[in-house]
Amino acid sequence: RTGFIDNSRTRPFAEQVHLAWYCVRATDRRFEETEAAFIRELAGVGLPVILVMTQVPGRRDAGGHLFIAPDAVELGRQIEDMGLPIHAGRAFMVNALADPFTGVERHGLLELLDATFQCAPDEAADALVAAQKIDPERKAKAAERAVNAATAAATGAGFTPIPFADAAVLVPIQIGMMAKIANIYDIPMQRATVASLAATTVTTQAGRAAATGLLKLVPGVGTIAGGAITGGVAGTVTYAVGTAWHRVCIGMAEGKYETVSGTLDSEAIQKVFNQEVSTIIRSRSLGGKKQ
């Protein structure tokens, strides 16, 4: 029964099985020995197993404390007493869909997501961040890390001042950053490309005019003929591009910037992006005391 797991390990990393959720419906009120045996088989081939108890009734009192249905609690205790090779030695109790009629709330999903990150290989973390839809804060932090990494790279590139006319060396750093942020928000490549083309010419032209066109947004920098871009300027512009693009991607993930026909509203994306870039650059006081 575990041959599928063994076979997956011969495939590329992205196609392998890295962990298993074994789901037990709480309303069934039973857990069979055959199920326990299957979990042991999975663990026996080195696969982390998270036991998930689904459709668990629960509601919160006035103080915000979550009360789980007694039947589900008892079933969870029985499973725990079996000493199975499951993550944390217990069942994770969740209810994915609230029921306003009965008062049953949605609960347990963030805890399950945290457990999944703990069990998954580090190499799969980025894909898991992109795939999950229940923790926007985790996506935001991943995007911020991408922006900070690109900002540091751009700052390093400008450690020796870049001649203004050669500013296009920043373009690959910014393209990679934008692609990574789009991936974090699980935006399809084609859609992300259309949006990035609409947002800024920096992603469409590898020539000098692409980078210098963006730098003209910087007060006192883009108008200096023959000037040079320092590390601080390069880093701040890249930070502005990344942060503005991050906000655009959040909007795209929420279904904004779409026309009635479902295509992207390029004008709206460009307007939002340019406003964000200008605001961020000015707020970081380029040419002033902050970098």
Side-chain angles (χ1 to χ4, degrees), residues 1-9 14-142 186 253:
R1 291 190 294 181
T2 55
F4 175 80
I5 308 299
D6 292 330
N7 290 336
S8 81
R9 289 170 175 164
E15 298 177 15
Q16 295 177 22
V17 178
H18 303 298
L19 62 87
W21 284 359
Y22 190 89
C23 297
V24 177
R25 190 165 55 186
T27 51
D28 288 348
R29 301 179 182 177
R30 66 179 185 274
F31 183 76
E32 305 290 350
E33 177 55 37
T34 52
E35 296 178 281
F38 183 56
I39 288 173
R40 293 188 185 101
E41 282 190 48
L42 292 174
V45 294
L47 194 69
V49 181
I50 300 174
L51 197 149
V52 186
M53 194 179 298
T54 65
Q55 300 181 25
V56 177
R59 65 176 69 188
R60 298 184 188 277
D61 62 14
H65 180 73
L66 179 66
F67 286 93
I68 300 296
D71 287 348
V73 173
E74 178 57 30
L75 180 58
R77 286 174 180 163
Q78 292 176 12
I79 293 172
E80 186 173 343
D81 289 343
M82 297 179 74
L84 294 172
I86 53 179
H87 180 67
R90 64 178 180 86
F92 285 79
M93 300 189 182
V94 304
N95 185 58
L97 187 63
D99 185 346
F101 181 75
T102 62
V104 172
E105 299 185 11
R106 177 181 174 180
H107 65 82
L109 294 176
L110 285 177
E111 185 183 22
L112 176 58
L113 181 62
D114 287 341
T116 303
F117 271 96
Q118 292 171 21
C119 290
D122 291 341
E123 299 86 344
D126 287 347
L128 184 53
V129 169
Q132 65 88 19
K133 306 292 186 183
I134 62 174
D135 190 356
E137 183 177 349
R138 198 182 292 266
K139 285 183 179 288
K141 288 181 178 179
D186 201 23

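Side-chain atoms are counted along with the backbone in the values below, which use heavy atoms only and exclude waters and symmetry mates. The chain is numbered in sequence order, starting from 1.
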Legend entry - Flag side-chain contact, heavy atom, 4.5 Å: H18 against I5: no
Legend entry - Nearest heavy-atom neighbours spanning V129 and A142: CG1-CB, 3.9 Å
Legend entry - Gap separating the CG atom of L110 from the OG1 atom of T116, nearest 0.5 angstrom: 11.0 Å
Inset, instruction - Enter the distance from Y22:OH to I50:CD1 here, rounded to the nearest 0.5 Å. - result: 15.0 Å
Legend entry - Pair R40 + E33: basic N to acidic O under 4.0 Å: yes
Inset, instruction - Before accepting this row, confirm whether a basic side-chain N of the pair E111/R90 lies closer than 4.0 Å to the acidic partner's carboxylate O. - result: yes
Legend entry - Reference residue L51; test side-chain contact (heavy atoms from CB on, under 4.5 Å); the match among F92, F31, W21: F31
Legend entry - Any donor-acceptor pair under 3.5 Å from T54 side chain to C23 backbone: no
Inset, instruction - Please tell me if the side chains of I134 and R106 come closer than 4.5 Å, counting only heavy atoms from C-beta onward. - result: yes
Inset, instruction - Not counting sequence neighbours, which residues clear salt bridge (Lys or Arg N to Asp or Glu O under 4.0 Å) with R138? List them please. - result: D114, D135
Inset, instruction - Quick one: pull up CZ in R59 and CZ in F67 and give me the separation to the nearest 0.5 Å. - result: 11.0 Å
Legend entry - Which atom of V94 lies closest to which atom of G108, heavy atoms considered: CG1-O, 3.4 Å
Legend entry - L42 versus A20, closest heavy-atom pair with distance: CD1-CB, 4.2 Å
Inset, instruction - Kindly compute the distance separating CG (L47) from CG (D6), expressed to the nearest 0.5 Å. - result: 10.0 Å
Legend entry - Spacing of N95 atom CG and H107 atom NE2 [to the nearest 0.5 Å]: 5.0 Å
Legend entry - Smallest separation among heavy atoms of A72 and V56, with atom names: CB-CG1, 3.7 Å
Inset, instruction - Could you tell me which non-hydrogen atom of Q16 sits nearest to which non-hydrogen atom of R9, and how far apart they are? - result: NE2-O, 3.9 Å
Inset, instruction - Give, for atom CG of L66 and atom CG of D61, the distance between the pair rounded to the nearest 0.5 Å. - result: 9.0 Å
Inset, instruction - Flag yes if more than 12 heavy atoms outside K133 fall under 6.0 Å of its NZ atom; otherwise flag no. - result: yes
Legend entry - Counterpart residues, side-chain contact (heavy atoms from CB on, under 4.5 Å), relative to A96 (two or more places apart): L109
Legend entry - Which atom of V24 lies closest to which atom of R30, heavy atoms considered: CG1-O, 4.0 Å
Legend entry - Side-chain ion pair, E137 and K139, N-O less than 4.0 Å: no
Inset, instruction - Could you tell me whether the side chain of V49 reaches within less than 4.5 Å of the side chain of L19, counting heavy atoms only? - result: no
Below 3.5 Å, can you tabulate the donor-acceptor pairs from side chains in residues 76-87 to any protein atom, sequence neighbours excluded?
{"from": "Q78", "atom 1": "NE2", "to": "E74", "atom 2": "OE2", "distance (Å)": "3.4"}
{"from": "H87", "atom 1": "NE2", "to": "Q118", "atom 2": "OE1", "distance (Å)": "3.1"}

